[in-house]
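Protein chains get the first letters and strands the later ones, always in sequence-line order, with residue 1 at the start of each.
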Number of protein chains: 2
Amino acid sequence: MQYTISDLAAQFDISTRTIRYYEEKGLLTPERDAQGQRLYHRKDRARLQLILRGKRFGFSLEEIEEMITLFDEDRSGKKQLEVTVAYGEEKIQALNERIEDMEALRNEMQELHKDFQKRLQALED
Amino acid sequence: MQYTISDLAAQFDISTRTIRYYEEKGLLTPERDAQGQRLYHRKDRARLQLILRGKRFGFSLEEIEEMITLFDEDRSGKKQLEVTVAYGEEKIQALNERIEDMEALRNEMQELHKDFQKRLQALED
DNA sequence: AATTGACTTTACGTTAACGTCAACGTAAAG
DNA sequence: CTTTACGTTGACGTTAACGTAAAGTCAATT
């Protein structure tokens with residue numbers, strides 16, 4: 001399964017410029033066909049999806065790059081593996097905190113929402 | 001309990017410029033003392049906290065403004081209440097989707113992390 | 001053969017979210 | 001009374017993350 005740049009743009013509802021920009025920044029490295037056109041495969045698509053997901057949580061492209069290259073390179077040496085594992089744990093922990101934080105926000109909003117619903121009920125009686 | 005601008009800046013580890021910027025954009029409206037200095041109270045502090053929380057999830061200041069004014073104004077009329085309640089439900093739903101999305105990201109990272117741990121274990125035997 | 005459509009690169013433009021600097025006011029401390 | 005610390009309002013600077021326009025390539029269609 002392979003995609004052209006506008007295929008991906010359509011799928012994710014972003015501009016081709018955006019995709020090329022991610023490549024400029026080193027976040028994507030698609031193949032090229034005989035005419036020099038970009039060819040994206042399953043793996044490139046997954047990467048793009050990760051990028052967009054990260055963006056939705058307020059991570060900068062720089063942070064996202066860190067996160068995806070973290071588990072992407074050949075880290076065969078033991079030392080390298082140790083660093084990767086330790087750093088990965090940090091990142092996952094940070095993610096967990098963020099999730100909790102977001103749940104707190106949702107709960108706050110739900111409380112407020114309940115209040116408003118009550119007031120509406122009172123009016124409807 | 002009241003705070004000066006640098007009190008808040010220190011508490012949240014942001015610059016005073018940032019706080020003034022949020023005021024420029026209408027997100028904060030602190031009192032002024034006799035000398036024209038900004039005075040922040042409990043409610044202002046809570047608002048700032050909400051703003052910063054929203055930022056961490058990649059919401060723009062414009063979106064954040066929407067969310068905080070949503071439950072902030074005097075919406076006494078039934079029509080107003082209905083609109084607020086309906087809109088609030090939408091926002092909460094969006095938040096929930098975002099939380100799920102974030103959990104998906106965390107799970108992906110955890111899977112990768114496990115792989116690396118296994119490879120490390122294999123080396124250590 | 002000419003047009004259409006999708007792609008390419010290069011380069012300048014734009015906006016949000018601040019940083020930074022200048023010039024000034026005020027109040028407390030030494 | 002001067003210094004120090006903290007506040008104020010402009011106003012210009014900066015950076016990330018794209019938008020947009022120009023000029024060209026290539027393959028398929030008319």
Side-chain angles (χ1 to χ4, degrees), chain A residues 1-41 44-45 47-69 94 98 101 105, chain B residues 1-41 44-45 47-69 94 98 101 105:
Chain A
M1 215 53 170
Q2 49 194 29
Y3 312 92
T4 145
I5 192 169
S6 42
D7 284 346
L8 285 188
Q11 279 184 43
F12 293 110
D13 196 30
I14 56 180
S15 72
T16 59
R17 175 70 177 98
T18 297
I19 298 177
R20 290 199 190 94
Y21 180 70
Y22 294 160
E23 186 176 342
E24 273 182 50
K25 293 285 150 173
L27 293 172
L28 294 172
T29 46
E31 274 187 67
R32 301 292 181 125
D33 67 7
Q35 287 81 45
Q37 295 198 188
R38 293 170 173 81
L39 268 186
Y40 301 88
H41 299 90
D44 301 305
R45 206 195 104 101
R47 233 177 200 253
L48 179 54
Q49 197 162 21
L50 261 179
I51 297 170
L52 297 176
R53 194 169 270 161
K55 288 227 61 187
R56 259 172 278 139
F57 311 137
F59 292 112
S60 72
L61 288 183
E62 211 178 320
E63 289 173 299
I64 294 170
E65 185 180 6
E66 253 191 86
M67 295 175 60
I68 62 185
T69 61
R98 237 161 163 170
D101 208 10
L105 174 59
Chain B
M1 214 55 170
Q2 51 194 28
Y3 312 93
T4 146
I5 193 169
S6 42
D7 284 347
L8 285 188
Q11 280 184 43
F12 292 110
D13 195 32
I14 56 180
S15 72
T16 59
R17 175 69 176 96
T18 297
I19 298 178
R20 288 198 192 94
Y21 180 69
Y22 294 160
E23 184 176 343
E24 272 182 48
K25 293 285 149 171
L27 293 173
L28 294 171
T29 46
E31 272 187 68
R32 302 293 181 124
D33 67 7
Q35 287 80 42
Q37 294 195 190
R38 292 169 174 82
L39 268 184
Y40 300 88
H41 299 90
D44 300 306
R45 205 194 105 101
R47 234 177 200 251
L48 179 54
Q49 198 163 19
L50 261 179
I51 296 171
L52 296 175
R53 192 168 271 160
K55 288 227 62 188
R56 259 173 278 139
F57 311 137
F59 293 113
S60 72
L61 289 182
E62 211 178 320
E63 289 173 300
I64 294 170
E65 184 179 7
E66 250 191 88
M67 294 173 61
I68 62 185
T69 60
R98 240 163 161 169
D101 208 10
L105 175 58

Is any side-chain heavy atom of Thr4(B) less than 4.5 Å from a side-chain heavy atom of Leu39(B)? no
Taking for each residue the nucleotide of DNA chain C bearing the nearest heavy atom, is the 5' side occupied by Gln37(B) or by Glu62(B)? Glu62(B)
Taking only N and O in the side chain of Lys25(A), is any of them less than 4.0 Å away from OP1 or OP2 of dT15(D)? no
Taking only Lys NZ, Arg NE, NH1 and NH2, and the carboxylate oxygens of Asp or Glu, determine whether Lys25(A) and Glu62(A) approach each other closer than 4.0 Å. no
Quick one: Leu28(A) CG to dA17(D) C1', roughly how many Å, whole number? 14 Å
Taking CD1 from Ile14(A) and C1' from dG19(D), how many angstroms apart are they, rounded to a whole number? 14 Å
Would you say Ser6(A) reaches dC7(C)'s phosphate, i.e. side-chain N/O to OP1/OP2 under 4.0 Å? yes
Distance test, side-chain N/O of Thr18(B) to OP1/OP2 of dG19(C), below 4.0 Å: yes
Side chain of Arg32(A), heavy atoms from C-beta onward: which of dC6(D), dT9(C), dC18(C) has the nearest atom to it? dT9(C)
Taking only the side-chain nitrogens and oxygens of Tyr22(A), find out if one of them lies under 4.0 Å from OP1 or OP2 of dC18(D). yes
For the side chain of Arg98(A) and the backbone of Phe57(A), is there at least one donor-acceptor N/O pair under 3.5 Å apart? yes
Ile19(B) has an atom CD1; how far is it from atom P of dG19(C), in whole Å? 11 Å
Picking from dC18(D), dT9(C), dC18(C), which would you name as closest to the side chain of Arg20(A)? dT9(C)
Can you check the Leu52(A) CG to dC18(D) C1' distance for me, whole Å? 13 Å
Regarding the side chain of Thr4(B), the nearest nucleotide among dG7(D), dA17(C), dC7(C) is dG7(D)
Judged by nearest nucleotide, the residue sitting upstream toward the 5' end of DNA chain C, Lys55(B) or Gln35(B), is Lys55(B)
Scanning both residues in full, the closest heavy-atom pair of Ile19(A) with Ile5(A) reads CD1-O, 3.6 Å
Quick one: do Arg47(B) and Glu65(B) make a salt bridge, cutoff under 4.0 Å? no
Stems in DNA chain C: runs of 3 or more consecutive Watson-Crick or G-U pairs, distances under 3.5 Å? C:1-30 with D:1-30
Determine the contact category for Ser60(B): base if any of its heavy atoms lies under 4.0 Å from a base atom, sugar-phosphate if only primed atoms, P, OP1 or OP2 are that close, otherwise nothing. sugar-phosphate
Give a yes/no on whether any side-chain N or O of Arg38(B) is located under 4.0 angstrom from OP1 or OP2 of dG7(D). no
For Thr18(B) and Ser15(B) the tightest heavy-atom approach is OG1-OG, 2.8 Å
Thinking salt bridges, do Lys55(A) and Glu63(A) make one under a 4.0 Å N-O criterion? no
Would you say dC18(D) has OP1 or OP2 under 4.0 Å from some side-chain N or O of Ser15(A)? no
